[in-house]
Amino acid sequence: MASTAGRPSRVAKLPPRERILDAAEELFQREGIRRVGVQAIAERAETTKMAIYRHFETKDALVAEWLRIVAADYQAAFDRVEAEYPGRPREQILGLARFIAEGLPGISHRGCPFINSIAELPDRSHPARQVIEKHKAHQTRRLVGMCAEAGLPDPEQAAAEITFVLEGAQVSTQNRSIDQTGNRLLRIVEGIVDRHRSPLGAPRTTTG
């Protein structure tokens, strides 16, 4: 979603549903899901609780929709690197690492919305929790596909290692345990890809 810079004039131009989502995003990121009530969201969106419930049946539904929007931003990053580096899966993987690295400064203040939300939603049947798990599974499948196209002999293992590094970098940035996380992240991911590459370094081909 858009930056909160110049929020009053920007938000005033948004349709009611988007204004509610904008307010929810800001409050959930800043204060957490459990601490924010529907009334607080209504006040921040300059609307009413009744208006919120016209667009979202429950607060849980609002949380789930917010996380769908966040997930869509991450999936769009996959689309961008595939478009920027057609037929070059190694560069696509490194492009994803750069996307995460460039987002780390924001995470240092607010934390990863998925990690924060998982911590607040222990019930796996919660609709927002299901959004996160579905998104993560889809993200992993796409990363495994890139690793396979890059000719890595064990794409599942390579994708697992890259995922551990990407998510670990976000946690380490949030708790400030490691410095220069962005630069270190890029070097580690590049090392994983190159270490897993087949001796000939040729991408895997398919027939049919």
Side-chain angles (χ1 to χ4, degrees), residues 1-6 10 18 21-22 25 29 65-117 131-174 178-208:
M1 298 178 70
S3 166
T4 55
R10 176 179 60 77
E18 282 67 30
L21 283 164
D22 185 274
E25 176 189 43
Q29 287 275 49
E65 183 60 20
W66 162 58
L67 288 170
R68 285 190 190 95
I69 293 172
V70 177
D73 288 341
Y74 279 82
Q75 295 301 333
F78 276 82
D79 297 336
R80 283 195 300 272
V81 297
E82 289 177 345
E84 289 173 5
Y85 305 104
R88 300 163 63 190
R90 179 180 183 276
E91 285 71 21
Q92 293 171 6
I93 296 168
L94 298 180
L96 288 174
R98 280 193 297 274
F99 166 73
I100 297 297
E102 290 168 359
L104 291 177
I107 285 176
S108 69
H109 300 292
R110 300 185 296 180
C112 170
F114 298 122
I115 295 171
N116 292 348
S117 298
V131 168
I132 296 172
E133 294 185 4
K134 181 179 179 181
H135 160 66
K136 289 295 184 180
H138 182 56
Q139 184 172 274
T140 298
R141 287 194 296 271
R142 293 190 73 171
L143 183 54
V144 169
M146 287 179 177
C147 290
E149 290 297 321
L152 308 189
D154 190 346
E156 289 81 7
Q157 178 64 25
E161 293 180 24
I162 293 168
T163 299
F164 293 155
V165 172
L166 296 180
E167 298 197 347
Q170 295 176 77
V171 174
S172 295
T173 298
Q174 186 175 0
I178 302 293
D179 62 0
Q180 300 180 44
T181 48
N183 290 333
R184 295 178 193 273
L185 167 63
L186 293 174
R187 290 200 298 270
I188 292 171
V189 172
E190 185 173 16
I192 291 171
V193 173
D194 291 344
R195 175 168 52 82
H196 276 270
R197 296 186 78 182
S198 62
L200 296 179
R204 180 175 300 180
T205 60
T206 59
T207 60

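Just so you know, these numbers use all the heavy atoms, side chains as well, and skip hydrogens, waters and symmetry mates. Values in this document were obtained by computation on a predicted structure and should not be read as measured data.
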Measuring from atom CG of Leu104 to atom OG1 of Thr173, what distance do you get when rounded to the nearest 0.5 angstrom?
4.0 Å
Can you find a pair of side-chain heavy atoms, one from Glu91 and one from Glu84, that are under 4.5 Å apart?
no
Derivation of the side-chain hydrogen bond (donor to acceptor under 3.5 Å, both in side chains) call for Ser172 and Thr181:
CA-CA 8 Å; Ser172 295; Thr181 48; over 6 Å; no
About how many Å separate CD of Glu161 and CD of Gln157, when rounded to the nearest 0.5 Å?
4.5 Å
CD/Glu156 to CG/Leu143 distance, rounded to the nearest 0.5 angstrom?
10.5 Å
Is any side-chain heavy atom of Glu25 closer than 4.5 Å to one of Ile69?
no
Is there side-chain contact between Gln139 and Lys136, with heavy atoms separated by less than 4.5 Å?
yes
Any side-chain heavy atom of Trp66 within less than 4.5 Å of one from Gln29?
yes
Do Phe99 and Phe78 come close enough that some side-chain heavy atom pair is under 4.5 Å?
no
Side chain proximity check, His135 to Leu67, heavy atoms < 4.5 angstrom:
no
Quick one, Ile162 and Cys147 - any side-chain contact, counting heavy atoms below 4.5 Å?
yes
Gln170 side, atom CD; Ile100 side, atom CD1 - distance, nearest 0.5 Å
4.5 Å
Minimum-distance pair of heavy atoms, taken over all atoms of Ala97 and Leu166
CA-CD2, 4.1 Å
Name the atoms and distances for all side-chain donor-acceptor pairs under 3.5 Å in residues 184-192, with sequence neighbours left out.
{"residue": "Arg184", "atom": "NE", "partner": "Asp179", "partner atom": "O", "Å": "2.7"}
{"residue": "Arg184", "atom": "NH2", "partner": "Asp179", "partner atom": "OD1", "Å": "2.9"}
{"residue": "Glu190", "atom": "OE2", "partner": "Arg90", "partner atom": "NH2", "Å": "3.0"}

Salt bridge (charged side-chain N to carboxylate O under 4.0 Å, His left out) between Arg68 and Glu65, worked out:
CA-CA 5 Å; Arg68 285 190 190 95; Glu65 183 60 20; 3.2 Å; yes
Test side-chain contact (heavy atoms from CB on, under 4.5 Å) on Tyr74 and Leu96 and set out the steps.
CA-CA 9 Å; Tyr74 279 82; Leu96 288 174; over 6 Å; no
Would you call Asp79 and Arg142 a side-chain contact if the rule is heavy atoms closer than 4.5 Å?
yes
Only counting residues at least two apart or in another chain, list the ones meeting salt bridge (Lys or Arg N to Asp or Glu O under 4.0 Å) with Lys134.
none
Closest approach of Gln92 and Val81, non-hydrogen atoms and distance?
CG-O, 3.5 Å
